[in-house]
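This report concerns only the one structure given below.
All values below come from the heavy atoms of this structure, side chains included, with hydrogens, waters and symmetry mates left out. This is a predicted model, so every value here is computed, not measured.
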Amino acid sequence: MPLTAVPSTTTAFSLRHSHAHTYTHSSSLYLHRATPPLRLRALPSATDLSSLDAAPAVAAAATSVAALAAAFSLSDPERRRRQQAEATDGDEKAAVRDYFNSTGFERWRKIYGSSNEVNRVQLDIRVGHAQTVEAALRLLRDAGPLAGTTICDAGCGTGSLSIPLAREGAIVLASDISAAMVTEAQRQAETALSAEPPNSPFQMPKFEVSDLESLNGSFDTVVCLDVLIHYPQEKADDMIAHLASLAKKRLLLSFAPKTLYFDFLKRVGELFPGPSKATRAYLHAERDVEQALRKVGWRIKNRGFISTQFYFAKLVEAVPIGSAA
């Protein structure tokens, strides 16, 4: 899991972050070398919003932009954020760690797994996350066989990326800020290994509990999926620089895209905080991520956009500027 994710509940957006209670399944995946066209979705309807765990009056107010503006003022999401910060003495990282070692772990273990104990929106988020993992695997495989490649899965969660990499013979360091997530990832890896044939290239990952800032070492590739949602842009710049310093050849990042449209959806979602809302969520403009990479001598080689009804993510593959790859 990334310095992982779950803050506020958002209505049409989640990067290991939020949940809602409506569902219309559709998905799209763009992954190519040019910036993909952004396919906008219709704004949530009053019917969508009324099924959320929110007061009927607030849901009804969402039927007009003017009413939404009033609701923004009345709900005061920034006040809720201040209260969250005060509960952890202003330490957002501690809030993330606590969440994913407790109620957040149970929720996201189910979402990332195969449990039927998920609602339809959580199932949609599962599909979106799986698409991000598969897109990352395709990018990694494009460079050739993974056997013997050293990879850091920064924010490994329950091992949804680490285990497929290990199955192909990659030498993986799988880290997460949550000890509960790391324990579950290791359990799943051991189960996967036990099912492998004797001549399998499976390499058991090395698992460790660590926040992103404490990671060290040198790897062919560093992958960090759905974690930057926990970092405001100024801290994200530092984190991108740190992750790039660990990578020799490639860096893969996924993040929640910041556009007027997605920012609006996030604000709408903040009107309906779920009972387990724990941390703040940060969207990032692709140009800001690209600028942060260029500051440390890296460039974006490939970029893509993963989208389901309630999950939106940009995925970028970066390489050193001087690289011929």
Side-chain angles (χ1 to χ4, degrees), residues 1-20 28-30 35-44 68-69 72 75-82 84-85 92-93 95-96 99 104 108 121 124-125 128-129 131-132 135 154-155 212 224-241 243 251-274 277-293 300 303-316 318:
M1 135 189 132
L3 188 186
T4 345
V6 163
S8 58
T9 301
T10 68
T11 304
F13 150 82
S14 176
L15 280 188
R16 186 157 160 199
H17 159 97
S18 24
H19 64 280
S28 59
L29 170 62
Y30 304 93
T35 302
L38 179 62
R39 191 168 78 182
L40 298 183
R41 297 183 179 274
L43 292 176
L68 276 174
F72 287 151
S75 65
D76 193 3
E78 192 57 41
R79 177 169 57 85
R80 293 201 306 270
R81 289 170 179 152
R82 287 195 300 270
Q84 291 167 3
E92 292 186 59
K93 184 162 64 175
V96 170
Y99 179 84
W108 290 94
V121 170
D124 180 85
I125 294 169
H129 177 73
Q131 288 184 359
T132 298
L212 295 189
C224 186
L225 302 182
D226 297 0
V227 180
L228 291 178
I229 197 167
H230 300 294
Y231 290 87
Q233 189 58 52
E234 63 275 12
K235 291 185 178 179
D237 288 354
D238 293 339
M239 191 48 53
I240 290 171
L243 294 173
L251 172 62
L252 270 63
L253 301 170
S254 73
F255 55 92
K258 182 178 179 61
T259 66
L260 289 176
Y261 178 71
F262 290 133
D263 192 51
F264 176 75
L265 293 183
K266 176 176 177 289
R267 290 294 307 276
V268 170
E270 288 175 329
L271 299 177
F272 309 98
K277 178 175 177 180
T279 62
R280 296 184 67 169
Y282 298 96
L283 311 185
H284 298 284
E286 187 172 348
R287 65 178 180 276
D288 292 335
V289 172
E290 187 162 14
Q291 183 178 14
L293 286 164
I300 293 179
R303 64 189 80 208
F305 178 54
I306 296 90
S307 167
T308 64
Q309 186 70 21
F310 295 96
Y311 177 104
F312 303 92
K314 282 292 185 76
L315 176 66
V316 298

request  = Return the minimal non-hydrogen interatomic distance between G128 and I306, and the atom names on each side.
outcome  = O-CG2, 3.7 Å
remark   = In P257, S254, S307, the residue satisfying side chain to side chain contact (heavy atoms under 4.5 Å, CB included) with K314 is P257
ask   = Which heavy atom of L293 sits nearest a heavy atom of I300, and at what distance?
value = CD1-CG1, 3.8 Å
ask   = Are Y231 and D238 close enough that some pair of their side-chain heavy atoms sits under 4.5 Å apart?
value = no
ask   = How long is the span from the NZ atom in K235 to the NZ atom in K93, to the nearest 0.5 Å?
value = 8.5 Å
key: Intermediate values then yes/no, side-chain contact (heavy atoms from CB on, under 4.5 Å), I125 and W108   = CA-CA 10 Å; I125 294 169; W108 290 94; 3.9 Å; yes
query = How far does CG of L225 sit from CZ of F255, to the nearest 0.5 angstrom?
reply = 12.0 Å
ask   = What distance separates L251 CG from C224 SG, expressed to the nearest 0.5 Å?
value = 8.0 Å
query = Of all residues at least two apart in sequence or in a different chain, which pass the side-chain contact (heavy atoms from CB on, under 4.5 Å) check with Q233?
reply = A236, D237, H284, D288
query = When the ring planes of Y311 and H129 are compared, do they come out parallel, tilted or perpendicular, using 30° and 60° as the limits?
reply = perpendicular
key: Value rounded to 0.5 Å, distance of CG in L253 from CD in E286   = 11.0 Å
